[in-house]
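Report on the following structure.
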Amino acid sequence: MKNDFSATLATMTTEEKVALLTGQGLWRTAALPRLGIESLVMTDGTYGVRYSASQIDGGENWCITDFLSVVGQNAAESHQEAAGGSEALFSYSRPATCFPNGCSLGCSWDVDLAYRMGQALAHECQEMGVGILLGPGINIRRTPLAGRGYEYYAEDPLVSADIAAGLINGLQDEGVGASLKHFACNNSEYRRTEMDSQVGERALREIYLAGFKRVIEKANPWTLMSSYNRLNGIQTSQHHQLLTEILRDEWQYDGVVMSDWYGIKHRPASLLAGNDLAMPETRRDKRSLLAAINAGDVPQAVVDRSCLRMLALIDKVQRHRKPGFKADFTAHHALAQQIAQESVVLLKNEADILPLTLDKVKRIAILGKPAHEPVIQGSGCATTVPYMLDRPLDEILDVAGNDFHIDYAIGAPDDDADNAAALAQAVAVARQSDVAVVFASTAIGEDGENGDRSNLDIIASHEALIRAVAAVQPNLIVVLANSDAVVMPWLNHCKGVLETFFAGQGMGRAVANILFGHANPCGKLTVTVPNTLEETPAWLHYPGEDLKHAYAEGIYVGYRYYDKRKMTPLFPFGFGLSYTRFAYDNLRLSTPTLREGETLTVSVDITNIGQRAGKEIVQLYISAPQQALPREPRALTAFAKVALEPGETRSVSMNIQAQDLACYHPTLQRWVMSSGDYGLHIARSSRDIALQAVVSLQAAPWYLPLKPDNSLQQLLQQPAAFRRVTALVAQKSGQPEGVVGDRLASIAPELFCGMFIGLTEFLAVDISIDELEAALQGSVD
C-alpha cells in the first residue's frame, strides 16, 4: 500500500472505514484488496507467541467457542502438547518458546534481558507471520489473589514500566508491534467484564497509570489495549478522559488503541472516546458504528483520525515484515534458561545449606511431582505450548553427574488428595539422604482468566509432603512454583527456599544450576510476601460488592502499605539472597540541591566481599518531607543491576528527575512539587537500607483555591490572598491595612470557624460573601 495515507483515506467508502476499524475474524485486521490494504495478524501473549493455526489460518471458519477455548486453556494441556500427549490439543497453538512469565521476569530487574526476550519473541512472530504481539501486561499486582497476576511484573509501577519498556523496545526494534495492556485498573479477574474499579484520582495517577505513562515515554508501543472493566463508573473502552484527555492530550500518544476481545459494549461511544479498533470482528459493532456515522452521531473527522492511525500501523508492520525468517528456537531456549536463572529468588538459606556441594552432601532426595512435571506458567490466553521443556529432575541428574547419589520419589501424586503410600516412600527416601529438595506448587489452572485465586496456599498435599519430610530430615529445601505470593506456615521447617514463580520452559535447568552452585541466585522480589492473606492491603475491600470494587487503600499498595502501617511482612519487596555478599559504600550526589527541570545523579560503590561472582540489584527509594498531601514512607525511584567478581568494586549511578519527587494533587488536578529535604535511601530491599543522604528540592510554591469557609490560618499561608483580604477589611472598617493584617494574624490561631464567620461575626466587618469570594479570586499564585 502507499504511504500517502490521506490519499488512501479519501478513496475509502464509509463501509470500508468501518471495516478497517473492526477486526476480521478472531486474530486479524481487515483486508481491503481494492485499496491494497492487507490484514495484520495479531496474537497473544505476554511471555510466548501463542499462534493458533486453526483459528488464524482457518480464515472465516471460527466461532465464539474458538475464543472460549483459548481463554479457558489450561497450562497442563499445553505441557501435554509439548510432550506429544494429545494431537487434538495441538490445534490450539504452535510450539513456541515459553519464557518466564511476568511474575518471574520482573524478579530479574534486568532491562537488558527483557530487551533480548523481546527480540526473541519478535523473531518467532516473524517466522509465524505475526505483526502485533498482544503484550506486555503491566497492571499492578494489587492483590495476590488476582487470577492474571502471573502475567504482570510487580506491585510497583516503576519496575513494571522499565521491564516492559525493555521488552517492547526489543520487540519493536525487530519489526513486531507490541500492545501494552490492560488500560486501566484491570487488577483482578473476578467478574472482570462487569466490575467497576473505583479508584481515587491520586492513586489512579501515581500507581495505576504511572507505569503506562513511563512505558509510552520510554518505548512508544505501536498499540495499546483497553481493559474489560469499568473505571469510576465508565467502561474503559469508552472512557473519554482515559483514552483521549489523558492518553492522547496529556501523554501525546498517537498509536492505535484496540479493545480487549469482546470488550466493546457500545461501539460508537468507544470510537468517540478514542478506542480505534474493535476486536474481534462482530457484526453488531459494524452495524452500530455504520448507523451512527450515517446519522451524524459520530463525526467523519473522528472516524478518519482513527483510520489514519490504522493505516499508519498497517504500513509500519508491512514495512518491517521478514518473509521466510527462521527463528533460532534452540538459542531462545538457552535465553529462557538464562532469564529464569536470573529471576529465581533465594528466600531462605539457613546455615548456608545452598549450594549443594560435595563437602556438605553426598546423597540427595528429590521429591514432589513438580520435579518431574514442572509448573512453568499460568492458564488462559497467554498459555504457550513450550517448544522445549526442561524437567527439573532430568536437569538435576545432568548437573549432578556421578558426583552425587540422587533418589526421586513423587510423594504427592494427586494434587487433590494425600497418598499414604507415596508419602511414606518419600519420607523413607528423605530419611536416608543428606538433604531433601521438595518441589511444591499452587494448583495448575487456578491462575488464569475470568477468575481469581481463593487463597494463598500451596497445594495441600504438597504442604503435607513438606511437613512429613521435615519430621525426618532437618536439611530440607523447598522449591516453589506459583503465580504470586503464597503463605508459608511451613517456613520454619525448612532451611532453604527457592522461589521460581512461573519461570517458563527453562526453569528446570535454572534451578539445577542454582542448587549446585553453577549459578549464583540474584533475583529479588517485585511483590511483598505476606504472613497471611488477611494482612494484604486490598483484603477488606476485595472483591467488592454491588459490582463495585473500591480501591480504598489509595496509594498504599504493596510495600507502601506495609511501610505506612509499620507491619513486618514475611518477605519484603525487593528482597533476595545470594551466595555472596555485597558491601555498599561512598554514596555521592551530583548536587545537594535540586530544582524543577533538573536531574540528580546518585552514585554508590558496590563491592563483592564474598567468594563467588554474583549480581546485586541496587534500589533507590525516596522519602518526602512533611507536606499537605500525605506520602508513602518510601517509594522506589530508580534501580540498577551490577555484576561483580569476588573482591571487585564498581560504582553504580542512578538518575532521578526533579519531577520524580512530585505527587498528584486531585483538587488541583495536576502534579505538584513541594520544597524541602527529601531522603535518598540506597537499599538492598525496601526494608534493608544500606546508605542514606538528603537532597534539598527547591520548587515554586503552590496553593489550593481558598473559599470563604476556610480558616484564617489557611489564609495566612497564601501571602497574596492575605493581602487582598486585608485590603478589603481595611476598606470596610476604615482601619490601616497594617493594623488589620496584624489583627487577623493575631486571632487566626484561636479562630476555628471559617473566615467569613470570623470577619463578619467576631470582627463585625460589614462584607458580603460575594465580596469575600471576589477578594479570594486569583489566590492560587
Side-chain angles (χ1 to χ4, degrees), residues 1 23-24 26-29 31 37-53 55-57 93-102 105 111-138 151 163-182 215-216 218-225 253-258 261 276-277 279 309-329 331-332 335-336 339 381-382 384-385 387 504:
M1 59 175 282
Q24 179 176 300
L26 267 177
W27 304 109
R28 293 179 182 270
T29 61
I37 298 174
E38 299 180 23
S39 66
L40 299 183
V41 174
M42 56 184 74
T43 193
D44 297 308
T46 52
Y47 56 84
V49 184
R50 192 199 53 75
Y51 189 99
S52 174
Q55 294 175 5
I56 295 174
D57 299 336
S93 302
R94 289 171 57 177
T97 305
C98 179
F99 285 100
N101 298 190
L105 174 62
V111 176
D112 293 335
L113 270 182
Y115 181 88
R116 291 173 59 195
M117 177 174 158
Q119 288 180 305
L121 289 169
H123 292 168
E124 296 185 19
C125 284
Q126 290 285 11
E127 176 170 322
M128 299 180 196
V130 173
I132 302 290
L133 189 65
L134 303 176
I138 62 163
E151 291 190 66
I163 295 295
L167 188 143
I168 290 170
N169 282 325
L171 190 72
Q172 295 184 166
D173 284 352
E174 296 299 315
V176 175
S179 189
L180 185 65
K181 62 183 187 181
H182 304 87
V215 173
I216 288 169
K218 285 178 169 280
N220 193 27
W222 295 357
T223 74
L224 182 145
M225 185 187 293
Y253 179 70
D254 199 36
V256 167
V257 174
M258 70 175 76
W261 267 233
D276 305 302
L277 176 63
M279 289 298 296
R309 292 189 188 118
M310 281 297 300
L311 291 172
L313 174 65
I314 293 168
D315 176 67
K316 188 182 298 184
V317 171
Q318 299 290 2
R319 284 188 287 108
H320 288 89
R321 274 192 174 163
K322 300 176 182 177
F325 187 92
K326 294 297 180 182
D328 190 341
F329 286 92
H332 294 175
L335 178 60
I339 297 173
C381 69
T384 304
V385 177
Y387 185 85

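Side-chain atoms of W27 do not come within 3.5 Å of backbone N or O of V130 as any donor-acceptor pair. Looking only at distances, a side-chain donor or acceptor of Y47 sits under 3.5 Å from a matching main-chain atom of A382. A donor-acceptor pair under 3.5 Å is formed between the side chain of R50 and the backbone N or O of C381. A donor-acceptor pair under 3.5 Å links the side-chain atoms of E124 to the main chain of T97, judged by distance alone. The backbone N or O of E174 lies less than 3.5 Å from a partner atom in the side chain of Q126, making a donor-acceptor pair.
Considering only heavy atoms from C-beta on, L134 comes within 4.5 Å of M225 through its side chain. When side chains are defined from C-beta on, I339 counts as touching L105, because their heavy atoms get closer than 4.5 Å.
Between A178 and P136 the shortest heavy-atom distance is CB-CD, 4.4 Å. Contact detail for V215 and A164: the closest heavy-atom pair is CG2-CB, 4.0 Å. When all heavy atoms of H320 and K316 are compared, the pair lying nearest together is ND1-O, 2.7 Å. Closest approach of E38 and T29 over heavy atoms only: O-OG1, 4.5 Å. Closest approach of K218 to A165, counting heavy atoms only: CB-CB, 3.7 Å. Here the closest heavy-atom approach between residue M128 and residue Y51 is recorded as O-CE1, 3.3 Å.
Side-chain polar atoms of Q24 and S39 form no donor-acceptor pair below 3.5 angstrom. Remark: the Q119 side chain and the R116 side chain contain no N/O donor-acceptor pair separated by less than 3.5 Å.
The CG atom of N169 lies 11.0 Å from the CG atom of D112; values are rounded to the nearest 0.5 Å. Atom CG of N220 and atom CG of D254 lie 9.0 Å apart (nearest 0.5 Å). The line from OG1 of T223 to NZ of K181 is 10.0 Å long, rounded to the nearest 0.5 Å. Expressed to the nearest 0.5 Å, how far CD of Q55 lies from CG of L26 amounts to 5.5 Å.
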Chi angles and distances behind the side-chain contact (heavy atoms from CB on, under 4.5 Å) call for D276, L313: CA-CA 12 Å; D276 305 302; L313 174 65; over 6 Å; no
Check against side-chain contact (heavy atoms from CB on, under 4.5 Å), T384 and D44: CA-CA 9 Å; T384 304; D44 297 308; over 6 Å; no
side-chain contact (heavy atoms from CB on, under 4.5 Å) assessment of L167 paired with L121: CA-CA 9 Å; L167 188 143; L121 289 169; 4.2 Å; yes
Worked verdict on S179 versus M42 for side-chain contact (heavy atoms from CB on, under 4.5 Å): CA-CA 9 Å; S179 189; M42 56 184 74; over 6 Å; no
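Test I163, D173, L180, L133 against I168 for side-chain contact (heavy atoms from CB on, under 4.5 Å) and you get one pass: L180. Among L40, T43, V41, the single residue meeting the side-chain contact (heavy atoms from CB on, under 4.5 Å) criterion with R28 is V41. Each of L277, V257, I314, V256 was scored for a side-chain contact (heavy atoms from CB on, under 4.5 Å) with R309, with one residue passing: V256.
Using a 4.0 Å cut-off between charged nitrogen and carboxylate oxygen, D315 and R319 count as a salt-bridge pair.
F99 and H332 have tilted rings, their planes meeting at an angle from 30° to 60° on a 0 to 90° scale.
Under the ring-ring contact (aromatic ring centres under 6.0 Å, His included) criterion, Y253 pairs with no residue at all, not counting sequence neighbours.
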